[in-house]
Amino acid sequence: MNAFEYAMPKSIDEAISLLSETPGESQVMAGGTDLVTALKQGIVSPKRVVSLRHIDELKSIEASGDGLRIGAMATLDDLAAHDGVKAGAASIVTAIKGIGSQQITSIGTIGGDLCQLPRDWYFRLGFGLVAQYEGKDLVAEGDNRYHAIFGNDGPAKFVNASVLAPALIALGAKASVVGSGGAKREIALEELFHAPKKSEDGNTTLASNEIVTHILLPLGARKNALYHVKPRHGLDWPIVSAAVAFENDGGKAKNARGGLGHVAPMPWVSASAAKALEGAALDEDTAAKVGAAAAEGASPLSRNAYKVHLTKVAVKRAILAAMA
Amino acid sequence: MAKNAWPPADKTVLMGKRIARLDGPAKSTGRAKYAYDMNRPGMLYARLLSSPHAAAKVTAINLDEAKKVPGVVGAWAEIATAEPDNEVRYAGEIIASVAATSEEAAREALTKIQVQYQVLPHLVDDTDATKSDGREQGEDKPDAAAVDAAISGAEVKVSGKYGLACITHACHESHGQVCEFGADGNLYVWPSTQNVSAYAGGLKDASGLAVNQIFVDCQYMGGGFGSKFDSGRWGAISVRISKETGKPVKLMLERDQELLIGGNRPSAYADVTVGATKDGTISVWSSNAWGSGGMGGAGRLGVPYVFTKIPNVRTLSKGVRTNRRGAVAWRAPGHPQACLITMAAIADLAAELKMDELEFFLKNVALTDRPEVYTEELKIAADMIGYKDKAHLRSNPTPGTLKRGLGIGIHTWGGIGNDSQTEVVINPDGAVSVSIGTQDLGVGTRTAVAIVAAETLGLPLDKVQANIGKNSYPPSGASGGSTTIGGVSASTRDASTIALNALLEKVAPVLGVTVDELEARDGKIQVAATPSKSLPWAKACSLLGQMPISGRGENKRGKGVSDGTILDDQGVGGVQIADVSVDVETGQVFINEFVAVQDCGRIVDLLTAESQVYGALIMGVTYALYEECIYDNITGRMLNADLEFYRLATLADVGKLKVHMMTGPGYDTRGVIGLGEPPVIAPGAAISNAVANAIGVRVPTLPLTPEKVLAALEQGGKLA
Amino acid sequence: MDSETPAFVFPCKHIRSKEMYYQSSTDENDPFSSGMFWCARTHESFGPDGEPVERVECKADRRCFEE
């Protein structure tokens, strides 16, 4: 770990002013559950860490229109305990409970979950997001059991680590982003993520002096659920997760959306699955067919084809859970 | 006169009862200080730089920038930069050290050390012996034509590949120590060790002191599992730094280093053919095994395991040298590996015969060294898990996607008492001190020592002060091979008896009886035949005048058997049955129930004995389902030197654990026998067999990850 | 001395096994002994010469051997 400045701004504007335009110079800290480890291990070595913990306006969860405006610093526990979330976004509650660690959910935040660094072991050993070693693509040629099965045709083959993104994307959430000079933009959540061409590009589309301030979550009478496959019951990260949301239109799915987690460098939106579900009868047969459709176009690496199978199963089970 | 032999089990007051650990409150409140908790005035924090390369030659080390970091007191190269001693043989090997006034400065300094490596080819993959580039070692036992004949003549036979990945000890408290040279010129050391009495020997050269000038103190330690006998390079380095700087030094391994270099349990893989007669009697065993213990030997692999009386046996075995940290004893070295390979092959044979697994094991216990024990334990374990109601043949799986199965594993261990000495001092005020240079790895040794002394002296537990964990106490063996409880119980019983007899000499004339007529019981010295004739303990001790009396007791390996006291003994058997569910769509394995039936001779503390078995089952679930040192073939590095992807079971993962300790005639009429290793041997076998029973196919190797379970289902044509 | 009895060969003084620390005599064929050794100089399962530490291997023909 290198020595760094630690800033505790009280407002969003102050936070932005403390962030550098140069990537890598400053680092935003939310709950810090992963960042502190990354700092200690030298995965990130910023000159300044800017904590968002003292910005009160980022912590609230408020009703807004037909949904919620969730501050990026709302904790995972706050989110899972929120009546509106419990009633309208069961998939989010499932994702949070699935983390299996009171320590993480009590201090970890929605913004931190979305913007966290990948847990890819090559990245964590210091080989970069686009893990290269002596001209070799470490993931493609090495141990890729937990790596991407979609969106891996570029140099990045890690998987996005967010447990909430698939559910939020399925529910049609948007991210409110503030950057240099207080410039605000609102983007569909899936636009927050990208597969970098170079390690320095990071795993989100945020500029180095931009932060996610709020998540706008529409809530309606939608069936929604998330299913994840984790090695352990206790604290662990999913190998694959699938979230779905749809309206029950007389026994048929309407406005179907979905998101897959931990299968691509970004939360993966499967157009083929959404298409297969739209208008289909809500039954077991549909669930299986949509699961199969979700796996279309998968490009597994040398040893992670099992994740394609798990994707089918997770999608099927998420739909069945949403129907129940 | 008090006798050394144990009193009958039904006559004891403390021994064999459920007694909570004496140091439980200290541990749960944080009052207990572990090596990591020790802080000395002016103490430096030392850290080690590990090699990122699995095979290389170091050609230069530049420490200049590291020394410039504020707070850094020194930086040292720990490997030569010239031939022939500059070779690195595994990733993680120690290259350099730093010492600083804060942990942060020490960590930062490590990043400033510049090392030039000439990278060499490496081999880290041990799963395929045919790709080991001639790095095999070991001799094959001569071929036996009789075995070939027995195989071809077997009425039923199966062949399979079985194995276990290399795992590491993953001690919760990492390896290391705090050390300080006193003004008296002596060295004071607070290590995390399972070898208190002989630990100092490893620091002799680094300190330049004789062993009698090195004082070791380890009151509490957070896990060793066989990896904390040696003081290690870290121990020697921290002493050298302390000597050079004149400051106390704390050097504990970082978590990634703990997993990289704290110790490895060798992998083991085997191609096995096993045959039987149609009625289910095993007739032949043939195996070709390999495994890797890093750059050293791979240790012993005794197959066929437990079923040692199979008539026709051929075993070939070799070690593959890989660029990994060497093998370090891990609870029951070689046994979990041998057990998995044997029990899995045998269960596959039962399945091939379409014979119930329990029935098959019962039928073949005659091929073991203790058929009566295994028979009794198999029946108890089966009752505990509801075997009759749950069992089904492998060919007849339960319906649905969540398939349920049962699996059996049986094991054996020696566990004779270690060489141990205890001193018991009875003071004129009645206070009793028991001192012994043993260590408590967390399993309750301190409590056991107190129980034995208190039982022998007829005192309540709180009247006895148990002093352990220092090498200034009478020497007692390291805690290895499940030898601690037998050794410390025997030497403490011996010492207590000697001290008591000295006291009885004083009491006998006062009560007007001979020494032989007296006993110590219920806080009194009383005439055994007429207990009303007695002296309270304190009153009896006042007869000592002003001088304490003491007894020095001793155990030597095998003494308890040879001298007829049977204070300790050896040879146990245990049976475990796992009840699992497997999601055949996701490959996830869930433990429903897990039963262990274990004998360990005479039990000193039933609660800590049970606790030892519970802990072993949890560790067993962990290596059966999760643990694996994952190495990258390209870089030669360990990919999961963390507790995130080096998974340990959480309590949510272990299912309902049930433990039954064998007691009664035939068990508590034996001496005290160690329990550290036996219950951790069979879990891998039992769980693997249960998974095979559930899903109808064998997952060949541990850990049983979703990836491997799905692959086995696919290969067996059973993927949903 | 009986001519049939092989002369006692001192092992290298740096060889260690866990069994040495808890019993005064060791039985090579004890199925409960680890068969694992380390070198007190390197604290590794290989000696200063990089070769494995084994009871039978740590003999006088190695450059690191010390009686």
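Residue numbers start from 1 in every chain, and the chains themselves are labelled A, B, ... in the order their sequence lines are given, proteins ahead of strands. What you are looking at is a predicted structure, and each value in this text was computed from that prediction instead of being measured.
- Neither the backbone nor the side chain of B:Ile591 comes within less than 4.5 Å of any heavy atom in chain A.
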task = Go through the steps to decide whether B:Asp642 and A:Thr37 satisfy the test side chain to side chain contact (heavy atoms under 4.5 Å, CB included), and finish with yes or no.
result = CA-CA 11 Å; B:Asp642 54 52; A:Thr37 309; over 6 Å; no

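- At a threshold of 4.5 Å between non-hydrogen side-chain atoms, the residues A:Leu310 and B:Leu710 count as touching.
- The local environment of CD in A:Gln41 is crowded, with over 12 non-hydrogen atoms from other residues, nucleotides or ligands closer than 6.0 Å.
- In this structure, A:Lys289 places its NZ atom where only 12 or fewer heavy-atom neighbours from other residues, nucleotides or ligands lie under 6.0 Å away.
- B:Asp653 contributes atom CG, which lies 8.0 Å from atom CG of A:Asp236 (distance to the nearest 0.5 angstrom).
- No part of A:Ala305 comes within reach of chain B, as not one of its non-hydrogen atoms sits under 4.5 angstrom from that chain.
- More than 12 non-hydrogen atoms from other residues, nucleotides or ligands lie less than 6.0 angstrom from CD of B:Gln114.
- Heavy-atom neighbours of A:Glu25 CD from other residues, nucleotides or ligands within 6.0 Å: above the threshold of 12.
- Of the listed residues B:Arg107, B:Glu104, B:Glu108, B:Lys112, the one with more heavy-atom pairs under 4.5 angstrom with chain A than any other is B:Glu108.
- If you measure heavy-atom distances from A:Leu235 to chain B, the contacts under 4.5 Å come from the backbone alone.
- Note that CZ of B:Arg637 and CZ of A:Phe127 are 4.5 Å apart. Values are rounded to the nearest 0.5 Å.
- Proximity to chain B is limited to the side chain of A:Arg317, based on heavy atoms less than 4.5 angstrom apart.
- Between chain A and the options B:Asn640, B:Leu625, B:Asp583, the largest number of non-hydrogen pairs under 4.5 Å is found for B:Asp583.
- Listed options A:Arg303, A:Lys136, A:Lys40 were ranked by heavy-atom pairs under 4.5 angstrom with chain B; first place goes to A:Arg303.
- Heavy atoms of A:Val229 lying under 4.5 Å from chain B belong to its backbone as well as its side chain.
- Under the 3.5 Å distance criterion, with hydrogens and angles disregarded, no donor-acceptor pair is assigned to the side chains of A:Trp121 and B:Glu644.
- Using a 4.0 Å cut-off between charged nitrogen and carboxylate oxygen, B:Glu585 and A:Lys316 count as a salt-bridge pair.
- When B:Ile634, B:Asn633, B:Asp632 are each tested for a side-chain contact (heavy atoms from CB on, under 4.5 Å) with A:Glu141, only one passes: B:Ile634.
- Looking at B:Thr586, both its backbone and its side chain come within 4.5 Å of chain A, counting heavy atoms on both sides.
- Residue contact with chain A, scored on non-hydrogen atoms closer than 4.5 Å, is absent for B:Leu651.
- In terms of heavy-atom proximity, A:Asp143 sits nearest to B:Leu639 at CB-CD1, 3.6 Å.
- The nearest pair of heavy atoms linking A:Gly234 to B:Ala652 is N-CB, 4.1 Å.
- Residue contact with chain A, scored on non-hydrogen atoms closer than 4.5 Å, involves the side chain of B:Leu719 exclusively.
- Annotation: side chain of A:Arg145 is not in contact with side chain of B:Phe645 (no heavy-atom distance under 4.5 Å).
- Note on A:Lys307, A:His233, A:Arg232: by heavy-atom pairs under 4.5 Å with chain B, the leading option is A:Arg232.
- Neither the backbone nor the side chain of A:Asn304 comes within contact range of chain B; no heavy atoms are under 4.5 Å apart.
- Within the 4.5 Å cutoff, side-chain heavy atoms of A:Leu138 are placed close to those of B:Thr635.
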